[in-house]
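Report on the following structure.
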Amino acid sequence: MEYVEAVLAVVELVPAGSAVSYGDVSELLGSGGPRQVGAVLSHYGSGVPWWRVLKASGHAPEGHEAGALRRYLDEATPLRGDYGSFLRTGEGRWRVDLSAARWQPTDGELDRVDTIAAALERRLHGLSVADDGMSV
């Protein structure tokens, strides 16, 4: 659960109109990988802005394209492709322009990410230390 809480905390920091990849989140945390981040969001992400985390290609989470697209448009997230046709007919290829939309955390936001990552590291390290009275 420590990893779940850390992923969700980082995702909550991503502002409207911005996006990150699953790999970006794992890199910011210094733990896990894109698949782990995706699994967390798949199971626990409904309460955070899950649509702001996507594949490195800029494609929305599979099966959630229509809902994510509406949110991207509401938030003025930079897009590429024929999203208008997708809205009208469900056909048309589009994606988030991740090069333009990628979140660039401020120093304050990076400090918050560092705090989240450090707390995760402490909790994970604490879980792996033997409780034998001899470990430091």
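A distance of 8.0 Å separates CG of Asp111 from OG1 of Thr106, quoted to the nearest 0.5 Å. Separating the CD atom in Glu109 from the CG atom in Asp107 is a distance of 9.5 Å, to the nearest 0.5 Å.
The shortest non-hydrogen separation linking Gly17 to Thr77 is CA-OG1, 3.4 Å. Annotation for Pro34 and Ser26: closest pair N-OG, 3.8 Å, computed over non-hydrogen atoms. Of all heavy-atom pairs between Gly45 and Leu8, the closest is CA-CD2, 4.1 Å. Heavy-atom minimum distance, Ala117 versus Leu28: CB-O, 4.1 Å.
Screening Trp51, Trp50, Tyr72 for a ring pair (Phe, Tyr, Trp, His ring centres under 6.0 Å) with His64, the sole residue that qualifies is Trp50.
When the side chains of ILVMFWY residues are joined at heavy-atom separations under 4.5 Å, either directly or via intervening members, Leu41 and Leu54 end up in two distinct hydrophobic clusters. Under a hydrophobic-cluster definition in which Ile, Leu, Val, Met, Phe, Trp and Tyr are linked whenever side-chain heavy atoms come within less than 4.5 Å, directly or via other members, Leu29 and Trp103 are assigned to the same cluster. Hydrophobic clustering (side-chain heavy atoms under 4.5 Å, transitive across Ile, Leu, Val, Met, Phe, Trp, Tyr) groups Val48 together with Leu120.
Within the 4.5 Å cutoff, no side-chain heavy atoms of Glu65 are placed close to those of His59. Residues Tyr22 and Arg35 fail the side-chain proximity criterion, which asks for heavy atoms closer than 4.5 Å. A heavy-atom distance below 4.5 Å is found between the side chains of Glu62 and Lys55. Residues Trp94 and Leu87 form no side-chain contact, since every pair of their non-hydrogen atoms from C-beta on lies 4.5 Å or further apart. Here the side chains of Leu73 and Leu79 are in contact, with some heavy-atom distance below 4.5 Å. Two residues are said to be in side-chain contact when any heavy atoms from C-beta on lie closer than 4.5 Å; Leu98 and Val20 fail this criterion. Contact annotation: the side chain of Pro105 never approaches that of Leu13 to less than 4.5 Å [non-hydrogen atoms, C-beta and beyond].
Heavy atoms from other residues, nucleotides or ligands lying under 6.0 Å from CZ of Arg112 number 12 at most. The number of heavy atoms from other shown groups lying within 6.0 Å of OH (Tyr3) is above 12.
No donor-acceptor distance shorter than 3.5 angstrom exists from the side chain of Glu5 to the backbone of Glu2, with no hydrogens or angles considered. Put simply, the side chain of Arg52 gets close to the backbone of Val14: a donor and an acceptor are under 3.5 Å apart. In this structure a side-chain-to-backbone donor-acceptor pair under 3.5 Å is missing from Ser42 to Gly38. At least one donor-acceptor pair under 3.5 Å links the side chain of Asp24 to the backbone N or O of Ser21.
In summary, Arg93 and Asp82 do not engage in a salt bridge, as defined by a charged side-chain N under 4.0 Å from a carboxylate O.
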